[in-house]
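What follows is one structure encoded as structure tokens, with my remarks underneath.
No experiment lies behind these values; they were computed from the predicted model shown.
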Amino acid sequence: MQPRRRRYVGASAEKESKHFVKIILPSSIHGNQMRIPEEFINRFGDELSTLAAITVPDGRVWKMRLKKRGKHVLFCTQWREFVNYYSLSYGSQLVFRYEGNSNFHVLIFDITSAEICYPCKTSRDTYRKRSKVDDVNLKSGIKQKKEKSDFSVEKHLKSGCRENPSSNSSETAKDAANTLKPKNPSVTSTIKTDRLYVGCKFAGKYLKANVGMMLQNCNGDQWDVSCKCHSTGNRAMVIIRGWRKFVRENDLSDGDPCVLELIKRDPIVLKLTVPS
């Protein structure tokens, strides 16, 4: 029996509930995105555009890009800034009301289920100014000096170790490496739902085929995974066992750039970061 949608008795489809609640989990904070409930998408997905506006009681309107991943739709661009600005933590609750035309209103509750005291306007302005200054300093630093890393994106692309890279994905990978600049040996890659490709230079030096290792997210949680050789005569590898579970539980999206960082060698522990 198919579950029925909840409607007001005798009401039209337009009178269906336009509210949904999201409890903040680690994946919503560290994954740089938040998934909209599937039932809401079933009701109103056809009305949504690629850009949503979220209005908060403090008067702020946040513009966020909507990204579709399979049957799921997620808030993406500016989500991390939204989380940081309102100091969302595990257990925080967001109550959304859909206003139509991709416009939402949201109420924010803390872990005690009490509505938060929203920041004043000046603090947001200071936050934005500081973020812009940091961005300028970061870009300036990259232009002045391109730091050396254990893995060179340019050499990786020229050697053909990357699996069918496109110009867009390579540019994104460069941005990811330049933005994060990890201190440990690292390699860039692109999220695939069924596997994660690891380039030949990094894989040949630090990884072993069919040997268990731990894959860690930004929160320090770890998943048991292992990799295998990508092809005969090629030192590149792909992480397959345990990868789908890692993707699912961290709300990762196909096509997103990521950085793998070797934080422990024995046993092997890799930290995966998706740049915001």
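Atom-to-atom distance recorded for Ile116:CD1 and Phe109:CZ is 9.5 Å, nearest 0.5 angstrom. One distance of note links CZ of Arg60 with CD1 of Ile54; it measures 15.0 Å at 0.5 Å rounding. To the nearest 0.5 Å, atoms CE (Met213) and CG (Leu270) are separated by 5.0 Å. Residue Asn210 holds its CG atom at 9.5 Å from CZ of Arg241, rounded to the nearest 0.5 Å. Atom CG of residue Leu262 and atom NZ of residue Lys205 lie 10.0 Å apart, to the nearest 0.5 angstrom. Within the model, atoms NE2 of His19 and NE2 of His105 stand 9.5 Å from one another, a figure rounded to the nearest 0.5 Å.
Between Glu249 and Asn217, every side-chain heavy-atom pair lies at or beyond the 4.5 Å cut-off. Taking 4.5 Å as the limit, every side-chain heavy atom of Arg43 sits out of range of all side-chain heavy atoms of Tyr98. No side-chain heavy atom of Thr55 sits under 4.5 Å from any side-chain heavy atom of Asn103. In this structure, the side chains of Ser253 and Gln33 come closer than 4.5 Å at one or more pairs of heavy atoms. Using a 4.5 Å heavy-atom threshold, the side chains of Leu272 and Val259 count as separate.
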One pair to check against side chain to side chain contact (heavy atoms under 4.5 Å, CB included): Gln222 and Leu215. What are the steps and the verdict? CA-CA 5 Å; Gln222 296 183 346; Leu215 188 59; over 6 Å; no

Lys71 vs Ile41, side chain to side chain contact (heavy atoms under 4.5 Å, CB included): CA-CA, chis, key distance, verdict: CA-CA 9 Å; Lys71 61 182 179 180; Ile41 298 302; over 6 Å; no

Given ring pair (Phe, Tyr, Trp, His ring centres under 6.0 Å), test Phe44 with Phe104 step by step and report yes or no. CA-CA 12 Å; Phe44 305 107; Phe104 296 83; 9.2 Å; no

Candidate pair Lys67 and Asp256, rule salt bridge (Lys or Arg N to Asp or Glu O under 4.0 Å), full reasoning: CA-CA 11 Å; Lys67 177 169 63 175; Asp256 282 346; 3.1 Å; yes

Report the C-alpha separation of Ile239 and Arg195 in whole Å, then their side-chain angles, then the decisive distance to 0.1 Å, and conclude whether the side chain to side chain contact (heavy atoms under 4.5 Å, CB included) test is met. CA-CA 6 Å; Ile239 298 176; Arg195 69 193 187 285; over 6 Å; no

Give the C-alpha distance, both sets of side-chain angles, the deciding distance and a yes or no for side chain to side chain contact (heavy atoms under 4.5 Å, CB included) between Val274 and Leu252. CA-CA 8 Å; Val274 177; Leu252 300 180; 3.8 Å; yes

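Under the 4.5 Å side-chain heavy-atom criterion for ILVMFWY residues, a single connected hydrophobic cluster contains both Phe40 and Val106. Under the 4.5 Å side-chain heavy-atom criterion for Ile, Leu, Val, Met, Phe, Trp and Tyr, Val21 and Val56 are members of the same hydrophobic cluster. Linking Ile, Leu, Val, Met, Phe, Trp and Tyr whenever their side-chain heavy atoms come within less than 4.5 Å leaves Leu207 and Val269 in two separate clusters. When the side chains of ILVMFWY residues are joined at heavy-atom separations under 4.5 Å, either directly or via intervening members, Leu260 and Ile263 end up in two distinct hydrophobic clusters. Both Val95 and Tyr90 are part of a single hydrophobic cluster, where members link through side-chain heavy atoms under 4.5 Å apart.
A distance of 6.0 Å or more separates the ring centres of Tyr85 and Tyr118.
Residues Ser113 and Gln93 bring a donor and an acceptor atom of their side chains to less than 3.5 Å of each other. Residues Tyr86 and Asp58 have side chains that bring a donor and an acceptor to within less than 3.5 angstrom of each other. Side-chain polar atoms of Asp221 and Asn219 form a donor-acceptor pair below 3.5 angstrom. Looking at Trp223 and Gln216, their side chains never bring a donor and an acceptor atom within 3.5 Å of each other. In this model, no donor atom of one side chain and acceptor atom of the other lie less than 3.5 Å apart for Ser102 and Glu47.
Ring geometry for Phe246 versus Trp243: interplanar angle under 30°, hence parallel rather than tilted (30 to 60°). Ring geometry for Phe82 against Trp79 counts as parallel: the plane angle stays under 30°, on a 0 to 90° scale with 60° as the upper cut. Aromatic ring orientation, Phe96 versus Phe75: parallel (interplanar angle below 30°, classes split at 30° and 60°).
Nearest heavy atoms, Arg65 versus Leu51: N-CD1, 3.9 Å. Of all heavy-atom pairs between Ile191 and Cys258, the closest is CD1-SG, 3.8 Å. When all heavy atoms of Val247 and Thr193 are compared, the closest pair comes out as CG2-O, 4.4 Å. Taking each heavy atom of Pro37 and Phe20 in turn, the nearest pair found is CD-CD1, 3.4 Å. Closest non-hydrogen pair, Cys229 versus Ala209, comes out as SG-CB, 4.1 Å. The nearest pair of heavy atoms linking Leu66 to Ile36 is CD2-CD1, 4.0 Å.
Judged by distance alone, with hydrogens and angles left aside, the side-chain atoms of Asp110 form a donor-acceptor pair with the main-chain N or O of Thr112 at under 3.5 Å.
One finds no salt bridge joining Lys245 and Asp224 here, because no Lys/Arg side-chain nitrogen approaches an Asp/Glu carboxylate oxygen to under 4.0 Å. Taking a cutoff of 4.0 Å between a charged side-chain nitrogen and a carboxylate oxygen, Arg69 and Asp254 do not qualify as a salt bridge.
For Asp46, the CG atom counts as loosely surrounded, since its 6.0 Å shell holds 12 or fewer non-hydrogen atoms of other residues, nucleotides or ligands.
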